Amino acid sequence: MLASGAGANGRDTHDTDASAVRSDVASPQRRALLKAAGAATGLVLMGGWSGNVLAADTRKYGADGFPGGTVDDPTVFVNIGTDGIVTIMALRPEMGQGVRTGLPLVIADEMEADWDRVRVVQAPGDQNKYGNQNTDGSRSTRHFFAPMRRVGAAARGMLEAAAAKQWNVPLSEVQARQHQVVHAKTGRQLGYGELAQQAAAMPVPKGEALRLKQPDQFRYIGKPDVRNVDGRNVATGNTQYGIDTRLDGMLYAVIARPGVLGGKVRHYDADAALKVPGVVKVVEVAATPLPAQFHPLGGIAVIATNTWAAIKGREALKIDWDNGPNGSYDSAAYKTYLHDLVQKPGKVARNDGDAMAALASAATRVQAEYYLPHLAHATMEPPAAVARVQGGKFEIWACVQAPQATADIVSQHLNLKPQDVTVHITLLGGGFGRKSKPDFAAEAALLSKAMEGKPVKVTWTREDDIRNDYFHTVSYEHLQGGLDGQGKVVAWLHRTAAPPIASTFSLQARGEQPSELGMSAVNLPFDVRNMRVEAPETEAHTRIGWFRSVSNIPHAFAVQSFIAEMAHAAKRDHRDFLLELIGPPRRVSPRALADTTNYGESPEIYPVDTGRIRKVIEVATREADWGRKLPPGHGLGLAYAYSFVTYVAMVVEVAVGQDGQVSVKRVDIAGDCGPQVQPDRIRAQAEGACIMGLSLATLGEITFKDGQTEQTNFHQYQVTRMQDANIDIRVHMVPHGYDMPLGGVGEPFLPPFAPALCNAIFAATGKRIRTLPIADQLRA
């Protein structure tokens, strides 16, 4: 905890070399480790929960499994000005999930700070100082709730110690209350500003000297209607996203990138581009040999005095491309290839009992296949970054989810040490996993270097964003189930074929990896003796990357749809059939679960709890009045998913018109993420996931022809419009105390939506949807 003469950064904006750059978030008035071995690249290190752990490594879980871990030092996160303003550092990037409110709020609560006198400042990228700063995997609050509580409690202890020393009384006689310390016997009071400098000199409480609040003493944690520090600024446009950065003398760049993964420039002619008014220079960006990881794809950059001139200059370029080995990639042909692949046995990922024998002897055998295409992140704000060099050191301003990976990538390209690269994290206009890949920041750094250190902004247009995304994987799912004479499941076979995220890091990567299979495929806790999961090996022909909820999307869609199909074959109610399949309440830690990352968490601390699964199913169906009489053309559909160590069930009510038009009328969501730190943000995440789930299920599709995407903008890659998002969404969270570990929130609400929607469509029409997007499948 540091003291300052006034509230730190007391202005709403501050100047950086005469360039107004937004730094703080709100004034008080406004308020795993991935290791992929590639023959051509050696050992690649990148912070993230999804990956392979080498056999010789000791398995680490939670925050310990990630570079930087956690930090709980109040001198790092808290500054108290002599005016009483408390400034708290937000260590994780904010992309709408509320982390820039949530983690500082935990500190403020524990230190008894008045939330109206707290300002939040975004920490720069520095994992040695702030701990792991990569925002993904729905784990920011999960990993930092306890450390931030310790930060706040330690700061409170230092303030109390300073007051006790000033009054010359025992520490046990003083107590911090709402931004001041009170002496119980005399009623004397000292404000936090009066104690700031002396408190900064106090030792940091450790061990038994560190006193955490009891949950019933929380003022803000778990309470609704707590002010979001970014809310007003976002609503009024008084914020800085990546694209908003302005520096004196800044130049603007766009890049013509290869449309095919692995493509290169054979030849280019820049004469016409250089004649465009405002164009300053044309620079070739070297292509990165595959696997490109998070490095630039290469291409030709046009640098100008404004973005429009750069875009027009790019249009005037004449480029002859070599499309390379992926120039023949055709998603329609690849779909047929995946279909053929799952017709035969693949690499075994889970094998309990003898599923094949049980299938052969089953009274009824059910079989179905499901297909999901590539998806684009299509964040509201496309990637953007600014770079400049001063004093031999680089500064980056960017909307990145992974500041440390950004510093690492940039330093590699500039032959610098990572500590010589400062990453300033702006607000993210959406992320969904795309902005954990900082290729765009490296592009800005390379172009700034080419311009002798002048600040250069790289802007991705929407077309750039969609054509050169790290796409969500395409997937083909083959399922078979066996039922006995009483309609009970006695056999389960699941073959899942998809190019893996690991292909971005290793040319040898083939088929889904353990971390991906651990997402609603091998970790199913069903009460079935004979279960077999296979993952045929298949290669990638485009960039594959993390996407909100990752492989839970295809796996949950297939599994939850198939369960409904089996229930129908057994002539059973879907809910009753599902509860029987899950079995009685128990804590399950299947062998297969221990062989996956389990979202980076220990299977012992985070087992699959079938009691919690049953509870969310029971709550969702009860609140939706499951089985109620509906008008013609309406139907109810059910699905659940365990993802990012959180349990979610959904019931969707759908109406299908005679013309096949689908509209969602109501969604009942039951969620169990353990303790709820920000109830309002949890509800917002659940509601947002429904709209995103609707968009992906009904419209989302990226297709490839001759190695390139056939979609270029929102007129082709469509998203749900406002008129289709008028849905009655009801969120029912299962309450818990703080004696259990926290789950994730940002991603778990997405996977159940598509299968619940398609199950509802079947209930309304009798037609099964097994291929997404739904689009016009129901129209005559």
Side-chain angles (χ1 to χ4, degrees), residues 32 34 47-51 61-63 65-66 92 95-99 102 132 134-145 401 431-433 436 472 501 513-525 545-557 559-560 588-589 593 596-603 605-609 612-613 616 639-650 669-678 681-686 688-690 692-693 696 731 733-734 736 740-755:
L34 177 61
W49 50 262
S50 179
Y61 295 110
F66 299 90
R92 289 291 178 93
M95 53 185 177
Q97 80 282 35
V99 71
N132 184 278
N134 188 17
T135 299
D136 69 4
S138 296
R139 54 188 166 84
S140 292
T141 304
R142 188 164 85 236
H143 285 181
F144 277 89
F145 177 65
Q401 293 177 238
F432 308 131
S436 63
H472 187 275
I501 293 169
Q513 305 297 295
S515 59
E516 292 157 313
L517 292 168
M519 298 181 184
S520 304
V522 300
N523 61 339
L524 300 176
W546 298 291
F547 187 100
R548 185 182 189 182
S549 211
V550 207
S551 294
N552 287 293
I553 294 175
H555 294 157
F557 173 66
V559 167
Q560 296 300 313
V588 181
S589 185
L593 181 63
T596 73
T597 62
N598 193 35
Y599 306 99
E601 305 296 351
S602 165
I605 297 175
Y606 287 92
V608 179
D609 189 329
R612 295 173 73 180
I613 297 174
V616 293
Y640 93 88
Y642 165 78
S643 66
F644 297 90
V645 293
T646 285
Y647 306 83
V648 177
M650 285 188 184
I669 309 169
D672 180 354
C673 62
Q676 301 168 42
V677 176
Q678 291 189 86
R681 299 312 301 167
I682 293 171
R683 182 177 300 275
Q685 287 293 300
C690 284
M692 186 174 184
L696 298 178
V731 182
M733 297 302 297
V734 176
H736 285 287
M740 68 184 307
L742 280 70
V745 170
E747 293 167 279
F749 293 99
L750 183 60
F753 186 89

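Because the structure is predicted, anything quoted here is derived from the model rather than measured. Numbering starts at 1 and runs along the sequence shown.
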Indicate yes or no for a side-chain donor-acceptor contact from [X] to the backbone of [Y] under 3.5 Å, with no hydrogens or angles considered.
X: Tyr599; Y: Thr646; answer: no
X: Gln97; Y: Gln685; answer: no
X: Glu516; Y: Ile501; answer: yes

What distance separates [X] [atom1] from [Y] [atom2], expressed to the nearest 0.5 Å?
X: Tyr640; Y: Ile613; atom1: OH; atom2: CD1; value: 4.0 Å
X: Asn598; Y: Tyr606; atom1: CG; atom2: OH; value: 9.5 Å
X: Tyr61; Y: Ile605; atom1: OH; atom2: CD1; value: 9.5 Å
X: Phe144; Y: Asn132; atom1: CZ; atom2: CG; value: 6.0 Å
X: Cys690; Y: Leu750; atom1: SG; atom2: CG; value: 9.0 Å

Ignoring hydrogens, what is the shortest heavy-atom contact between [X] and [Y]? Give both atom names and the distance.
X: Cys673; Y: Gly744; answer: CB-O, 3.7 Å
X: Pro554; Y: His472; answer: CD-CE1, 3.7 Å
X: Phe749; Y: Met650; answer: O-CE, 2.8 Å
X: Pro607; Y: Tyr647; answer: O-OH, 3.2 Å
X: Gln560; Y: Pro755; answer: CB-CB, 3.6 Å
X: Gln401; Y: Gly433; answer: OE1-N, 3.1 Å

| query | Who pairs with Phe753 by ring pair (Phe, Tyr, Trp, His ring centres under 6.0 Å), at least two apart in sequence or on another chain? | reply | none
| message | The criterion is ring pair (Phe, Tyr, Trp, His ring centres under 6.0 Å); which residues satisfy it with Phe432, sequence neighbours excluded? | response | none
Residues in side chain to side chain contact (heavy atoms under 4.5 Å, CB included) contact with [X], at least two apart in sequence or another chain:
X: Ser520; value: Asn552, His555, Ala556
X: Ala63; value: Thr70, His143
X: Gln678; value: Thr101, Arg681
X: Ala754; value: Phe557, Ala697, Leu772

| Taking the six-membered ring of Phe644, is NZ or CZ of Arg142 closer than 6.0 Å to its centre and within 45° of its axis? | no
| query | How about Asn134 and Asp136: does a side-chain donor come under 3.5 Å of a side-chain acceptor? | reply | yes
| field | Worked verdict on Arg139 versus Val645 for side chain to side chain contact (heavy atoms under 4.5 Å, CB included) | value | CA-CA 10 Å; Arg139 54 188 166 84; Val645 293; over 6 Å; no
| query | Yes or no on side chain to side chain contact (heavy atoms under 4.5 Å, CB included) for Val616 and Val648, after CA distance, side-chain angles and deciding distance? | reply | CA-CA 6 Å; Val616 293; Val648 177; over 6 Å; no
| query | Arg92: what forms a salt bridge (Lys or Arg N to Asp or Glu O under 4.0 Å) with it, not counting sequence neighbours? | reply | none
| Partner set under salt bridge (Lys or Arg N to Asp or Glu O under 4.0 Å) for Arg612, not counting sequence neighbours | Asp672
| task | Quickly, which of Val745, Val734, Leu742, Ile682 forms a side chain to side chain contact (heavy atoms under 4.5 Å, CB included) with Gln676? Name it, please. | result | Ile682
